Amino acid sequence: MPVIEIKQLVKKFGKLTALNGVDLTLDQGEVHAYLGPNGAGKTTTIRVLLGILRATSGSVSIFDRDAWKNSVELHKRLAFVPGEVNLWGNLTGGEVIDLMLALRKTGTSHTERREMFLERFELDPTMKCRAYSKGNRQKVALVAALASDAELYILDEPTSGLDPLMEKVFQDTILDLKKEGKSVLLSSHILSEVEALADKISIIKEGKIIQTGTRAEISQVAAGRTLEELFLSEYQGR
Ligand SMILES: Nc1ncnc2c1ncn2[C@@H]1O[C@H](COP(=O)(O)OP(=O)(O)OP(=O)(O)O)[C@@H](O)[C@H]1O
Ligand SMILES: [Mg+2]
C-alpha cells in the first residue's frame with residue numbers, strides 16, 4: 001500500500017485548471033521529489049493532500065484513506081512545512097513549535113527532537129516571530145515539522161530562504177529520516193537541491209506530470225544529457 005496515492009487529480013479554480021490529471025505515488029520509506037517551475041501546481045497538490053483544498057475530481061489518498069474526508073485523523077500521522085510560511089507574529093518561535101507539536105500529538109514526547117533540531121538549525125526559539133528574518137521563519141516551520149515523530153513528511157519548498165550551510169543541514173536531516181524509514185514528499189524548483197535525496201522524481205508543468213520515475217529511469221530519458229539539462233529543457237518547453 002503506497003503512503004500517498006494520487007490518481008487523475010484535477011483542481012480547478014474557476015476557469016483556471018491548476019491541476020490537470022496528476023498521478024503521483026509515494027511509497028513507504030521513500031523520498032519523492034516534486035519539481036516544477038513557478039505556478040506549475042506543486043502547492044495546490046500539497047494543499048489537496050493536506051485537506052485544505054478539495055479536489056475537483058480524481059482520487060487522493062494518504063495511508064489508503066481519502067485525504068479530504070479523513071484530514072483530521074491523517075494530520076496526526078503527518079507533519080508538513082507549508083509553502084508560504086506565515087507565523088503568528090506575537091508568539092515566539094519556540095511557542096509556535098510547541099503549538100504545532102501539540103496539534104499533532106502522537107503520544108510521545110517531542111522534547112528531545114525539538115532540542116536536537118533547534119541546535120542543528122541554529123535557531124533561537126525565544127524571538128517573536130515577527131522579528132525573525134525570512135530564513136529563520138522558514139527554520140521555525142522546519143523545526144516544527146521535523147521535531148514531530150511523524151510517519152510522513154510533506155515539505156513544500158522547505159529550503160526556500162535557507163543559506164547553503166543550512167541547506168546542507170537540511171539534506172543530512174532528510175537522509176536521517178530516510179534511515180528511520182520515514183516517507184517524504186519534497187517540493188522544489190531546483191533539481192540539484194533534491195537530486196541526492198530523491199528515490200523518485202516527478203516533474204510537473206502547467207498542472208501535468210511530464211516526467212516521473214526513479215533517478216535512473218529519468219536519467220535514461222535524458223539520453224546522454226545530464227539530468228539538469230533535461231530538467232531545464234522541460235522547464236523551457238524544449
Ligand atoms: N486559491 C487560488 N485561487 C486561484 N488560483 C490559484 C489559487 N491557488 C493557486 N492558484 C493558481 O494555480 C496555479 C498553480 O499554483 P501553485 O501555487 O500550485 O504553483 P506552485 O507549483 O506551487 O508554484 P511556486 O513554485 O511558485 O510555489 C497557478 O496558476 C496559481 O495562480
Ligand atoms: Mg508553491
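Note that these values count all heavy atoms, side chains included, but never hydrogens, waters or copies made by symmetry. All values reported here derive from a predicted model rather than from experimental measurement. In each ligand, atom 1 is the first atom listed, and ligand 1 is the first ligand listed.
Taken to the nearest 0.5 Å, the CG atom of Leu9 stands 10.0 Å off from the CG atom of Leu24. Atoms OH and NZ, on Tyr153 and Lys178 in that order, are 15.0 Å from each other to the nearest 0.5 Å. Of the inter-residue distances, the one linking Tyr34 atom OH with Ile203 atom CD1 reads 11.5 Å to the nearest 0.5 angstrom.
Taking a cut-off of 2.8 Å, the protein N, O or S atoms nearer than that to the Mg ion (ligand 2) are Thr43 OG1.
Heavy-atom minimum distance, Lys11 versus Thr56: CA-OG1, 3.4 Å. Contact record, Val81 with Pro158: CG1-CA, 4.3 Å, taken as the closest heavy-atom pair.
No side-chain N or O of Ser183 forms a donor-acceptor pair with one of Glu30 less than 3.5 Å apart. There is no side-chain donor-acceptor pair under 3.5 Å between Asp199 and His32.
Applying the salt bridge (charged side-chain N to carboxylate O under 4.0 Å, His left out) rule to Glu180 yields the partners Arg113; only residues at least two apart in sequence or on another chain are considered.
Protein residues having a heavy atom under 4.0 Å from any atom of ligand 1 are Phe13, Leu16, Ala18, Pro37, Asn38, Gly39, Ala40, Gly41, Lys42, Thr43, Thr44, Glu157, His189, listed by chain and number.
Residue pairs meeting the salt bridge (charged side-chain N to carboxylate O under 4.0 Å, His left out) criterion with at least one partner in residues 126-138, sequence neighbours excluded, are absent.
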